[in-house]
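Structure record follows, encoded as structure tokens.
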There are 2 protein chains.
Amino acid sequence: MPDSPPSLDPVQLGAYFALVEVTSLLRHAVEQQLKEAGDLSYVQFQLLARLGDSPTGSHRMTDLADGVVYSRSGLTYQASLLEKAGLVVRAPSPDDERSTTVTITDAGRALLARVLPGHVEVVSGLLFEPLSRDDVRTLAALLAPVRDHMRSTPPRSAAPRRRKGGA
Amino acid sequence: MPDSPPSLDPVQLGAYFALVEVTSLLRHAVEQQLKEAGDLSYVQFQLLARLGDSPTGSHRMTDLADGVVYSRSGLTYQASLLEKAGLVVRAPSPDDERSTTVTITDAGRALLARVLPGHVEVVSGLLFEPLSRDDVRTLAALLAPVRDHMRSTPPRSAAPRRRKGGA
DNA sequence: TATTGTTATACTCTATAACTATA
DNA sequence: TATAGTTATAGAGTATAACAATA
């Protein structure tokens, strides 16, 4: 097939660059706050937040890896750090002996509670300050379909094309 | 102590989570493409792109550091990698002997050209596919003020109070 | 045989501090 | 004294591959 457009139009470029810069600055500020307030990396915070959100306070390792981190070993590393810090506990799943269930502890919830207000403050002050309620609604409405589309689009070539002959 | 707003409202939460997820997935896809197409990290790509955009093909180290990376030593590290690969050249500035001017080479431009189409393809296919032209316009219009606001908001406690006259 | 998770390992990246040289 | 950049170093994070155990 013919080449895709070799470039983005100016409007797209503007949106793309703004998105990159905004999220980069936001991420940086958030990471600093998390580090200061609770000595947590962003990934660790995401893991705790996911566990805290869950009705049971638990998730399977694989589910966490799919949602937050991109490799299993990476999650094992982070989970063992969190466990060492007493913020989570790991136990074999009751229903499937292969699985490991990660559960947030009281200490984990406490840390989450201690860190969250500052987190919210940063996000409010940096991201939402210049946006009206309607703006925020619009933004959410724009991003939702993008997220759904990304979720449903298999990361081309992400799936291990382990075929030896392949390009 | 009086708590700050303990939480974001549901609309804000939705926008925030969508933003985080969208940019996370996008970043991941882009990084993979850059790695495959040109063995470039995202930071390295950003540096080359900035240099390629410049009319002179050059920037001072400090200007690059301010725009892309957050520490000078980090930039020195990346610049030396790029120089080793023949993609940029470093030379003392003519006007200020303290400064170093980084300039993209022909090889650097060639690599950029080889990598860009795939980059555009990923961004188009992932980010812009589900958005109409008006959507993109709206998105850009929403993010621009946020970016400006973030730029003008000193990262609380980030800057080691290097402010000259100020506080 | 496929899936879940861990381990060992190697590598990339980043930041801090000490240092040099120029303004 | 302040600024620009480099170096040394140390630490965090990530991914790949080999492995063990269960389905």
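Quick note on labels: first sequence line is chain A, next is B, and so on, each numbered from 1.
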Side-chain heavy atoms of A:M150 within contact of B:V22, under 4.5 Å: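 Counting from C-beta outward, A:M150 and B:V22 do come under 4.5 Å.
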4.5 Å side-chain heavy-atom contact, B:V43 and B:L75: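 B:V43 vs B:L75: side chains apart.
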Can a side-chain donor-acceptor contact be found between A:S58 and A:T101 if the only test is distance below 3.5 angstrom?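 No - no donor-acceptor pair under 3.5 Å links their side chains.
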What's the [atom1]-[atom2] distance between [X] and [N], to the nearest Å?
{"X": "B:E31", "N": "C:dT12", "atom1": "CD", "atom2": "P", "value": "15 Å"}
{"X": "B:D39", "N": "C:dC11", "atom1": "CG", "atom2": "C1'", "value": "13 Å"}
{"X": "A:M61", "N": "D:dA21", "atom1": "CE", "atom2": "C1'", "value": "15 Å"}
{"X": "B:L64", "N": "D:dA4", "atom1": "CG", "atom2": "P", "value": "13 Å"}
{"X": "A:K35", "N": "C:dT14", "atom1": "NZ", "atom2": "C1'", "value": "11 Å"}
{"X": "B:Y42", "N": "D:dT14", "atom1": "OH", "atom2": "P", "value": "18 Å"}
{"X": "B:L75", "N": "C:dT16", "atom1": "CG", "atom2": "P", "value": "15 Å"}
{"X": "A:Q46", "N": "D:dG13", "atom1": "CD", "atom2": "C1'", "value": "14 Å"}

Does atom CG of A:D106 have more than 12 heavy-atom neighbours, drawn from other residues, nucleotides or ligands, at distances under 6.0 Å?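 Open.
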Is a salt bridge present between A:D134 and A:R137, judged by a nitrogen-to-oxygen distance below 4.0 Å?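 Judged by the 4.0 Å cut-off on N to carboxylate O distance, A:D134 and A:R137 do form a salt bridge.
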Looking at B:R133 and A:D9, is there a salt bridge between them, counting it only when a charged N and a carboxylate O are closer than 4.0 Å?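 Salt bridge between A:D9 and B:R133, a charged N being under 4.0 Å from a carboxylate O: yes.
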Can you work out whether A:R60 or A:H28 has the more 5'-proximal nearest nucleotide on DNA chain C?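 It is A:R60, whose closest nucleotide lies nearer the 5' terminus.
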Between A:Y42 and A:H28, does the ring centroid distance fall short of 6.0 Å?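 Not close enough - the centres of the two rings lie 6.0 Å or further apart.
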Over all strands shown, is B:T76 touching base, sugar-phosphate only, or nothing at heavy-atom distances under 4.0 angstrom?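 Contact class for B:T76: base.
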Hey, does B:S73 reach any base, or is it just sugar-phosphate, or nothing, if we go heavy atoms under 4.0 Å?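 The answer is base, as B:S73 lies within the cut-off (heavy atoms under 4.0 Å) of a base atom.
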From [options], pick the nucleotide closest to the side chain of [X]?
{"X": "B:S71", "options": "C:dA15, D:dT22, C:dA21", "value": "C:dA15"}
{"X": "A:T100", "options": "C:dT6, C:dA15, D:dT22", "value": "C:dT6"}
{"X": "B:R98", "options": "D:dT6, D:dA17, C:dA23", "value": "C:dA23"}

Strand-adjacent residues in residues 77-96 of chain A, judged by heavy atoms under 4.0 Å from DNA chain D: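 The answer is A:Y77, A:Q78, A:L81, A:D96.
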Between D:dG13 and A:S41, is there an OP1 or OP2 to side-chain N/O distance shorter than 4.0 Å?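 The answer is yes; a side-chain N or O of A:S41 sits under 4.0 Å from OP1 or OP2.
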Any side-chain N or O of B:R72 under 4.0 Å from OP1/OP2 of C:dA15?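 Indeed not, no polar side-chain atom of B:R72 lies that close.
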